[in-house]
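Worksheet for the structure shown next.
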Amino acid sequence: MADPQQVALPTHLRVQSPVSRLLENVRPSRAVAAGSAPNALAFAGFALLPGAPSRAVGIGLGAAMPVYKLAETVAAPGREELSVILAHPARRGRYLAVDQLSRSIGQALAPAC
């Protein structure tokens with residue numbers, strides 16, 4: 001199964017720079033909060049797809065994936081910055097490793113769920 005970030009890569013490339021410029025003066029916590037709303041909207045769309053007719057599934061995926069990617073583009077830099085800011089300086093490497101490991105495990109196990 002393809003990683004959602006790989007599927008929406010062209011959209012991501014066109015959107016990432018303008019969104020990053022808009023958010024460069026925004027606090028990381030606010031960027032993460034701003035990314036949460038479209039993320040919730042995208043997951044609500046994904047949740048509705050299993051019971052939909054096959055034609056609607058394709059349309060629903062086509063609509064939900066860009067919303068999900070926009071949410072990730074908005075929230076990811078702030079989320080990564082927060083994990084650096086909140087980590088104790090002597091343990092920063094461990095905090096960042098656990099942060100990345102938790103994402104990797106989630107991506108690896110998600111298709112099985």
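- Heavy-atom minimum distance, Ala52 versus Ala56: CB-CB, 4.0 Å.
- Identified under the side chain to side chain donor-acceptor pair (under 3.5 Å) test for residues 78-99, with sequence neighbours left out: Glu72-Arg79, Asp99-Arg103.
- Cluster partners of Leu22 are absent, since no Ile, Leu, Val, Met, Phe, Trp or Tyr has side-chain heavy atoms less than 4.5 Å from it.
- Inter-residue side-chain proximity for Pro38 and Val74 is flagged as unmet; no heavy-atom pair is nearer than 4.5 Å.
- Taking Ile, Leu, Val, Met, Phe, Trp and Tyr as hydrophobic and joining them when side-chain heavy atoms fall under 4.5 Å apart, one finds Leu41 in a cluster with Val67.
- Between Ala64 and Ala42, the closest heavy-atom pair is O-CB, 3.7 Å.
- Rounded to the nearest 0.5 Å, atoms CG (Leu48) and CZ (Phe43) are 13.0 Å apart.
- What you find for Val32 and Ala75 is that their closest heavy atoms are CG2-O, 3.8 Å.
- Other residues sharing a hydrophobic cluster with Leu109 under the 4.5 Å side-chain heavy-atom criterion for ILVMFWY residues are Leu101, Ile105.
- Taking every heavy atom of both residues into account, Pro28 and Gly78 meet most closely at CB-O, 3.6 Å.
- Applying the salt bridge (Lys or Arg N to Asp or Glu O under 4.0 Å) test to residues at least two apart or on different chains, none of the pairs has a partner in residues 21-31.
- Hydrophobic cluster membership of Val84, counting Ile, Leu, Val, Met, Phe, Trp and Tyr whose side-chain heavy atoms lie under 4.5 Å apart directly or via other members: Leu96.
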